[in-house]
Engineer: 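Following this message is one structure expressed as structure tokens.
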Amino acid sequence: MEVSDEENGPSPNKPLNGTNGHDRKRQKMRKSFPNGAAVNGVNGVSKAQHLQEQRAQLPIAQGLEALVREIAAHDVTIILGETGSGKTTQIPQYLLECGAFPGVIAVTQPRRVAATSLAARVSQEQGRPLGTLVGYAVRFDERTGAETRVKYLTDGMLVREMMSDPMLERYGVIVVDEAHERTLRTDLVLASLKKILRARNGEESGKGKARAHNPLKVVVMSATLDAEKFSKFFDNAPVLYVKGRQHPVSIYHTSTSQVDYVDAALRTFFQIHVDQPPGDVLIFLPGQEDIESLESSIKSYANQLPSNSVGVTLCPLYASLPNAQQSRVFTPTPEGTRKCILATNIAETSITIPGVKYVIDTGKQKEKRHLARMTGSGFDTLLTTDITKSSAMQRAGRAGREGPGFCFRLYTEEAFDAMALSSEPEVRRSSLTSALLQLRCIGHDLETLDFMDNPDAEAVGAALRTLWILDALDETKRLTKLGRSIAAFPLEPQLAAILLASVEHHCTADVISILSLMSASAPLFPDSSAQRDAASEARTKFRHPSGDHWTMLNVFRAYDEVCGSESKGGRRDWCKRNFVNERALREAGDIRTQLRIVCDRANINKEISCGQDESPVLKSLVRGLLQHTALLQPDGTYKQAMGPSIIKIHPGSFLTEKRSPAIVYNELVYTTHIYARGVSAVSKSFISDFPKRVTSGRAGS
DNA sequence: GAGCACTGC
């Protein structure tokens with residue numbers, strides 16, 4: 001079996017390649033950039049020319065004019081583009097150059113790095129400094145100016161912008177890229193765009209209103225699956241097909257199913273390593289644990305090979321790995337060795353590794369599942385599951401980026417056939433609390449808005465209830481003044497409610513620090529099993545009797561002092577010595593800066609601290625996390641105040657083994673028990689201050 | 001007495 005361009009997806013509705021003469025196109029391109037050479041100077045001429053030649057050679061270049069004609073003729077155009085087609089860099093430039101589309105061209109991306117690096121590339125192709133004609137906007141970082149006409153931004157950023165500009169008036173074209181990934185924010189953007197199109201362009205042309213003065217064009221770009229679904233969603237919008245530049249990948253399945261996929265990966269790797277020509281190997285595994293175990297097995301077997309054989313350079317790759325170690329995958333493979341990358345599905349979409357010729361696919365991944373969300377907001381669990389067909393194809397494609405490749409699947413062809421086509425869109429899987437509130441702020445109802453896939457009624461009910469408990473919505477589900485304030489913060493609504501409660505309790509400075517650490521993606525206290533005792537010893541000095549929130553605050557306060565006196569290296573040493581994650585502290589620092597700016601805008605005094613008095617902070621926490629509180633039972637376990645579950649304090653918590661009449665916690669995780677993580681002891685009265693909420697919560701659960 | 005796939009404002 002072979003993955004080729006033709007096999008990768010449905011056949012084209014309108015093949016566009018080869019419809020235009022190659023030479024004509026090149027001339028047209030040069031004409032479009034009279035200033036490029038002047039800006040760049042003598043050396044720049046050849047560089048700019050080189051870039052233009054590269055552009056002209058992209059698979060998409062020959063169909064661009066026809067593509068733009070289609071976009072001009074329709075409100076919405078769906079573009080199916082394979083990887084390597086150049087659609088994301090070229091289409092926005094062509095829309096700009098042809099001069100037919102006034103206003104700013106927005107291009108959304110699910111990931112920050114994609115938005116920033118695409119903007120850098122495209123502004124280079126335009127021969128202009130980044131942030132002038134071409135710019136980007138992602139969280140913590142924006143480079144745009146008054147003359148910016150092409151703006152790459154994350155889909156979450158566009159959702160934020162809709163809250164102050166509900167009709168997205170500043171944009172003439174909105175390109176939604178990677179739409180097949182169906183992130184929650186992409187789905188929010190698509191649903192809103194459908195409504196915005198009706199408002200800005202009027203009803204479908206032919207009858208009724210004349211075209212409005214500021215019409216909007218929408219371009220939806222997707223990989224090869226689900227095109228018809230996008231087309232149907234946008235009233236049968238035309239589907240255009242763009243060919244990619246992908247080399248063929250030969251795919252092999254096992255004849256029997258493999259129970260131990262780590263062992264199977266080990267054997268397959270050495271078959272490749274011993275028998276096959278040079279070329280790096282990428283192995284997909286579900287998680288860190290498997291990566292570490294396979295790494296040590298490969299190491300020990302590689303040492304037993306004859307001394308004259310090719311060595312192995314091992315590169316583990318997963319998100320929580322420090323950046324310096326992640327970037328090892330990009331360093332050239334040392335002479336006389338074969339690079340072997342052991343990766344999670346971070347290598348499926350987020351990181352593209354050059355030089356890979358062989359892929360070994362275990363067919364497994366880890367997936368976060370939210371269980372029993374109606375029972376006091378539910379709990380999360382992390383399961384190892386089978387991947388989907390589209391994941392399997394994406395993984396195989398990683399072998400064919402630079403030349404013909406090979407993919408060894410550690411599962412049978414029958415198992416592949418039995419896989420789901422693609423994973424459920426995020427809107428069907430995740431909490432809708434934040435989405436519902438944001439939509440309310442721009443006057444949309446999540447309950448009635450037309451989505452690609454409609455949200456689950458239970459999840460909508462849970463979100464409504466949470467927002468009502470926070471006083472963000474009133475009894476009639478109308479947005480309150482508090483709800484609008486909550487939505488102004490780039491935080492989960494529960495956490496934003498804590499921040500606003502801190503104003504009344506005069507501890508905003510302290511609470512902002514805690515919330516920043518809570519919403520950072522990396523954990524402050526990583527659990528390194530190897531040095532567990534040393535770690536807990538070193539962390540003792542930060543320990544606060546009330547529990548984890550104040551302990552986190554103590555760490556942040558200490559780190560702030562270190563930052564005032566130490567160099568970059570000194571800070572790193574301090575973190576290492578104390579077994580705290582510097583990445584978490586740096587990210588929290590960025591979040592804290594952003595939260596302080598929003599506070600200023602909302603006329604909130606961000607400087608007020610409660611010093612060492614713990615109750616104001618704890619009272620604020622309870623206000624936002626009412627659904628995450630539990631009461632001590634006679635047997636020493638805890639029962640949710642607003643749900644039926646019996647829970648335990650996670651052994652990693654500083655409060656474990658302690659008995660407090662009541663606790664508040666960040667999250668519940670289900671492993672061997674239902675554990676509460678990020679726990680603080682609170683007075684029962686803090687919870688019963690909201691009797692109506694607690695009672696009604698019980699009745700509803 | 002225990003286990004952290006991946007994103008985003």
Side-chain angles (χ1 to χ4, degrees), chain A residues 108-115 137-142 153-164 178 181-189 284-292 317-321 343-351 362 364-369 380-385 387 391 423 426 429-431 434-435 437-438 441 486-493 495-496 515-516 519-530 532-533 536 581 584 587 590-591 594-595 597-598 648-653 655-657 667 669-678:
Chain A
T108 72
Q109 293 293 320
R111 282 168 291 279
R112 292 160 47 94
V113 274
V138 299
R139 189 182 191 184
F140 308 130
D141 195 7
E142 171 160 6
L153 73 176
T154 48
D155 45 18
M157 205 67 185
L158 192 68
V159 171
R160 260 296 141 196
E161 287 190 5
M162 279 197 293
M163 292 173 67
S164 57
E178 310 283 10
E181 289 193 26
R182 301 292 308 279
T183 69
L184 176 59
R185 278 131 202 114
T186 294
D187 276 14
L188 288 178
V189 165
F284 282 101
L285 291 147
Q288 182 180 349
E289 196 184 351
D290 289 329
I291 287 174
E292 282 168 357
L317 182 65
Y318 45 90
S320 60
L321 203 65
T344 61
N345 50 17
I346 192 172
E348 209 178 286
T349 47
S350 302
I351 295 180
T362 58
K364 300 287 179 189
Q365 64 177 348
K366 280 195 184 179
E367 198 178 58
K368 200 172 198 167
R369 292 254 178 98
D380 292 325
T381 183
L382 204 62
L383 293 172
T384 301
T385 61
I387 60 169
S391 271
S423 38
E426 210 182 350
R429 291 184 281 130
S430 52
S431 161
S434 193
L437 182 66
Q438 285 173 337
C441 288
I486 286 174
F489 287 92
L491 291 169
E492 288 297 314
L495 302 192
L515 294 175
S516 301
S519 51
S521 57
L524 179 61
F525 301 114
D527 188 19
S528 54
S529 49
R532 192 166 286 162
D533 290 342
S536 79
N581 188 351
E587 193 186 336
D590 285 339
I591 297 171
Q594 199 187 18
L595 294 179
I597 293 169
V598 181
K648 289 184 167 184
I649 296 176
H650 194 278
S653 165
L655 212 65
T656 191
E657 299 295 298
E667 58 174 355
V669 291
Y670 177 62
T671 53
T672 53
H673 291 99
I674 304 175
Y675 284 113
R677 286 167 71 172

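All chains are named by letter (A, B, ...) in the order of the sequence lines, taking the proteins before the strands, and each is independently numbered beginning at 1. Quick note: numbers below take in every heavy atom, side chains included, and nothing from hydrogens, waters or symmetry partners.
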Engineer: Given atom CZ of A/Arg160 and atom P of B/dG8, what is their separation to the nearest angstrom?
Structural biologist: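 Those two atoms, CZ and P, are 15 Å apart.
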Engineer: Under 4.0 Å, counting only non-hydrogen atoms across every strand here, what does A/Thr183 touch: a base, just sugar-phosphate, or nothing?
Structural biologist: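 It contacts nothing in the nucleic acid.
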Engineer: A/His650 or A/Ala137: which one's nearest nucleotide on DNA chain B is closer to the 5' end?
Structural biologist: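 Nearest nucleotide further toward 5': that of A/His650.
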Engineer: Considering every strand and a 4.0 Å limit on heavy-atom distances, what is the contact class for A/Pro110: base, sugar-phosphate, or nothing?
Structural biologist: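 The residue A/Pro110 makes sugar-phosphate contact but no base contact.
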Engineer: For A/Ser519 and A/Lys366, find the nucleotide of DNA chain B closest to each by heavy atoms; which residue's nucleotide sits nearer the 5' end?
Structural biologist: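 Closer to the 5' end of DNA chain B: A/Lys366.
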Engineer: Show me the donor-acceptor pairs within less than 3.5 Å that the side chains of residues 153-162 of chain A make with the rest of the protein, sequence neighbours left out.
Structural biologist:
residue  : atom : partner  : partner atom : Å
A/Thr154 : OG1  : A/Met157 : N            : 3.4
A/Asp155 : OD2  : A/Thr183 : OG1          : 2.9
A/Asp155 : OD2  : A/Thr186 : OG1          : 2.8
A/Arg160 : NH1  : A/Ala487 : O            : 2.7
A/Arg160 : NH2  : A/Ala487 : O            : 3.4
A/Arg160 : NH2  : A/Phe489 : O            : 3.1
A/Glu161 : OE1  : A/Tyr171 : OH           : 2.5
A/Glu161 : OE2  : A/Lys151 : NZ           : 2.9
A/Glu161 : OE2  : A/Tyr171 : OH           : 3.4

Engineer: Separation of A/Leu491 atom CG from B/dG8 atom P, in whole Å?
Structural biologist: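 One finds 16 Å between P of B/dG8 and CG of A/Leu491, rounded.
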Engineer: Nearest whole Å is fine: how far is B/dC9 P from A/Gln109 CD?
Structural biologist: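 For the pair A/Gln109 CD and B/dC9 P, the rounded distance is 12 Å.
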Engineer: When we call it a touch if two heavy atoms are under 4.0 Å apart, what does A/Leu184 touch: a base, just sugar-phosphate, or nothing?
Structural biologist: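 No contact.
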Engineer: Could you check which of B/dC4, B/dC9, B/dC6 has an atom nearest any side-chain atom of A/Pro490?
Structural biologist: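 For A/Pro490, the side-chain atoms sit closest to B/dC9.
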Engineer: Counting side-chain heavy atoms from C-beta on, which of B/dA2, B/dC9, B/dA5 comes nearest to A/Asn345?
Structural biologist: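 For A/Asn345, the side-chain atoms sit closest to B/dA5.
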Engineer: Given atom CD of A/Glu587 and atom P of B/dC6, what is their separation to the nearest angstrom?
Structural biologist: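 Answer to the nearest Å: 14 Å.
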Engineer: Does the A/Thr381 side chain pair with the main chain of A/Tyr670, one donor and one acceptor, at a distance under 3.5 Å?
Structural biologist: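 Yes, because the side chain of A/Thr381 sits within donor-acceptor range (under 3.5 Å) of the backbone of A/Tyr670.
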Engineer: Tell me what A/Glu292 touches on the nucleic acid: a base, only sugar-phosphate, or nothing, going by heavy atoms under 4.0 Å.
Structural biologist: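 Result for A/Glu292 = nothing.
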Engineer: Think A/Arg139 has a side-chain N or O under 4.0 angstrom from the OP1 or OP2 of B/dT7?
Structural biologist: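 Result: no.
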Engineer: Rounded to whole angstroms, how far apart are CD on A/Glu142 and C1' on B/dC9?
Structural biologist: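 Rounding to the nearest Å, CD of A/Glu142 and C1' of B/dC9 are 13 Å apart.
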Engineer: Expressed as a whole number of angstroms, how long is the span from A/Leu317:CG to B/dA5:C1'?
Structural biologist: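 Whole-Å distance recorded here is 13 Å.
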Engineer: Report yes if at least one side-chain N or O of A/Thr154 is closer than 4.0 Å to OP1 or OP2 of B/dC9; otherwise report no.
Structural biologist: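 For B/dC9, OP1 or OP2 has a side-chain N or O of A/Thr154 closer than 4.0 Å.
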Engineer: Strictly below 4.0 Å: does A/Tyr675 bring a side-chain N or O up to OP1 or OP2 of B/dA2?
Structural biologist: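 Answer yes for this pair, as a side-chain N or O of A/Tyr675 is under 4.0 Å from OP1 or OP2.
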Engineer: With sequence neighbours left out, write down each residue that passes side-chain hydrogen bond (donor to acceptor under 3.5 Å, both in side chains) with A/Arg182, or none if nothing qualifies.
Structural biologist: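 Only A/Asp187, A/Asp453 meet the side-chain hydrogen bond (donor to acceptor under 3.5 Å, both in side chains) criterion with A/Arg182.
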Engineer: Where the side chain of A/Thr671 is defined as all heavy atoms beyond and including C-beta, which of B/dC9, B/dT7, B/dC4 is the nearest nucleotide?
Structural biologist: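 Output: B/dC4.
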Engineer: Between atom CD in A/Glu181 and atom C1' in B/dG8, what is the gap in whole Å?
Structural biologist: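 In whole Å, B/dG8 C1' and A/Glu181 CD are 12 Å from each other.
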Engineer: Given B/dA5, B/dC6, B/dC9, identify the nucleotide with an atom nearest to the side chain of A/Ser350.
Structural biologist: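 That would be B/dC6.
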Engineer: What nucleotide among B/dG8, B/dA5, B/dG1 has an atom nearest to a side-chain atom of A/Glu492?
Structural biologist: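 For the A/Glu492 side chain, the nearest candidate turns out to be B/dG8.
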Engineer: Can you tell me if A/Glu587 uses its side chain to pair, donor with acceptor, with the backbone of A/Ser521 under 3.5 Å?
Structural biologist: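 Yes; judged by distance alone, with no hydrogens or angles, the pair exists.
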Engineer: B/dG3 P sits how many Å from A/Leu382 CG, rounded?
Structural biologist: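 Result: 11 Å.
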Engineer: Taking 4.0 angstrom as the limit, do A/Lys366 and A/Glu289 come out as a salt bridge?
Structural biologist: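 Judged by the 4.0 Å cut-off on N to carboxylate O distance, A/Lys366 and A/Glu289 do not form a salt bridge.
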Engineer: For A/Thr384, report the nucleic acid contact type (base, sugar-phosphate, nothing); a contact means any heavy atom under 4.0 Å.
Structural biologist: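 No contact.
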Engineer: Identify which one of A/Pro493, A/Ser434, A/Cys441 satisfies the side chain to side chain contact (heavy atoms under 4.5 Å, CB included) criterion when paired with A/Ile486.
Structural biologist: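 Looking at A/Pro493, A/Ser434, A/Cys441, the match for A/Ile486 under the side chain to side chain contact (heavy atoms under 4.5 Å, CB included) is A/Pro493.
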Engineer: Under 4.0 Å between any heavy atoms, over every strand shown, what does A/Val669 touch: base, sugar-phosphate, or nothing? Just pick one.
Structural biologist: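 Counting heavy atoms under 4.0 Å across all strands, no contact is made by A/Val669.
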Engineer: In terms of side-chain heavy atoms of A/Ala319, which of B/dC6, B/dA2, B/dC9 is nearest?
Structural biologist: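 From the listed options, B/dC6 comes nearest.
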